[in-house]
Amino acid sequence: MPYLHAKTNGVITKEQEIRLKERFGEAIALLGKTENWLMVEVEDQCRLHFKGDGDIPAAFVEIRLFGKASASAYDAMTEAVTNIVEEELKIPGDRIYVQYEEVEHWGYDGSNF
């Protein structure tokens with residue numbers, strides 16, 4: 001039950017959005033999850049200011065997952081997410097934050113896991 005929200009102050013084309021979704025779907029396996037349960041939200045043209053500047057492209061990616069993952073899995077996922085955003089959106093790694101949240105309670109289809 002992972003949820004991945006990627007936001008940027010730049011513009012994301014429909015083609016880029018599809019590639020991001022596909023690549024995030026592959027990368028989520030690094031956290032022991034599958035694309036079958038992954039929900040992805042892609043948001044562009046946010047009022048996102050980083051290092052005092054909102055005109056230079058930046059991105060924030062938040063990942064929530066039911067349960068826990070190891071530190072090494074998070075390290076691998078951060079590297080993968082950074083590479084994906086760099087390659088697809090041309091945003092340098094030093095302008096990307098990745099945040100994780102482990103969720104203990106997760107509801108789906110009228111009940112909780």
Side-chain angles (χ1 to χ4, degrees):
M1 279 56 56
Y3 166 76
L4 189 151
H5 181 196
K7 63 173 92 175
T8 180
N9 53 358
V11 175
I12 299 174
T13 66
K14 186 64 175 173
E15 293 79 18
Q16 288 172 315
E17 180 179 352
I18 291 167
R19 286 193 307 269
L20 286 169
K21 181 216 38 112
E22 290 170 348
R23 294 186 68 189
F24 290 148
E26 294 169 2
I28 203 67
L30 295 167
L31 297 179
K33 305 296 182 178
T34 68
E35 185 178 16
N36 290 340
W37 291 98
L38 175 63
M39 182 179 284
V40 175
E41 180 180 3
V42 177
E43 186 177 358
D44 68 350
Q45 297 181 316
C46 297
R47 292 183 175 161
L48 192 62
H49 300 266
F50 186 52
K51 298 182 180 179
D53 197 327
D55 294 326
I56 300 172
F60 183 79
V61 180
E62 56 184 313
I63 301 168
R64 297 181 189 151
L65 69 149
F66 178 66
K68 299 183 180 288
S70 67
S72 62
Y74 287 130
D75 288 342
M77 187 66 176
T78 298
E79 181 179 3
V81 165
T82 301
N83 288 338
I84 291 166
V85 173
E86 282 182 321
E87 292 167 11
E88 299 299 336
L89 302 181
K90 309 303 183 217
I91 298 174
D94 67 347
R95 302 222 17 114
I96 302 167
Y97 275 165
V98 182
Q99 182 234 347
Y100 298 94
E101 182 179 345
E102 296 174 340
V103 179
E104 185 176 338
H105 302 283
W106 200 289
Y108 167 74
D109 196 19
S111 62
N112 293 315
F113 291 97

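Remark: the backbone N or O of Gly54 is paired with a side-chain donor or acceptor of Asn9 at under 3.5 angstrom. With hydrogens and angles ignored, the 3.5 Å screen pairs no side-chain donor or acceptor of Glu102 with any backbone N or O of Lys68. Although no hydrogens or angles enter the test, the distance criterion places no donor-acceptor pair under 3.5 Å between the side chain of Arg19 and the main chain of Glu88.
Both Val42 and Ile96 are assigned to one and the same hydrophobic cluster, defined by single-linkage of ILVMFWY side chains at heavy-atom distances under 4.5 Å. A continuous path of Ile, Leu, Val, Met, Phe, Trp and Tyr side chains, each step under 4.5 Å between heavy atoms, connects Phe24 with Tyr100, placing both in one hydrophobic cluster. Linking ILVMFWY residues whenever their side-chain heavy atoms come closer than 4.5 Å, directly or via other members, places Leu20 and Leu30 in the same cluster. Cluster membership for Leu31 and Ile84, using ILVMFWY side-chain heavy atoms within less than 4.5 angstrom, is shared. At a threshold of 4.5 Å between side-chain heavy atoms, the hydrophobic network of Ile, Leu, Val, Met, Phe, Trp and Tyr places Phe66 and Met39 in one connected group.
Proximity of Cys46 to Thr8: side-chain heavy atoms (C-beta onward) are nowhere separated by under 4.5 Å. Side-chain atoms of Ile63 and Val81, non-hydrogen and from C-beta on, do get closer than 4.5 Å to each other. A heavy-atom distance below 4.5 Å is not found between the side chains of Glu101 and Tyr3. With a 4.5 Å cut-off on side-chain heavy atoms, Met77 and Ile28 count as touching. Proximity of Lys33 to Leu38: side-chain heavy atoms (C-beta onward) are nowhere separated by under 4.5 Å. Thr82 has its side chain within reach of Val98: a pair of non-hydrogen atoms, C-beta onward, lies under 4.5 Å apart. Residues Lys7 and Glu41 fail the side-chain proximity criterion, which asks for heavy atoms closer than 4.5 Å. Considering only heavy atoms from C-beta on, Trp37 comes within 4.5 Å of Tyr108 through its side chain.
Between atom CG of residue Leu89 and atom OG1 of residue Thr13 there is a gap of 8.5 Å, rounded to the nearest 0.5 Å.
Classified by interplanar angle (parallel below 30°, tilted 30° to 60°, perpendicular above 60°), the ring pair Phe50/Tyr97 is perpendicular.
Evaluation of the side-chain contact (heavy atoms from CB on, under 4.5 Å) rule for Lys90 yields no partner, not counting sequence neighbours.
For NZ of Lys51, the number of neighbouring non-hydrogen atoms (other residues, nucleotides, ligands) closer than 6.0 Å is greater than 12.
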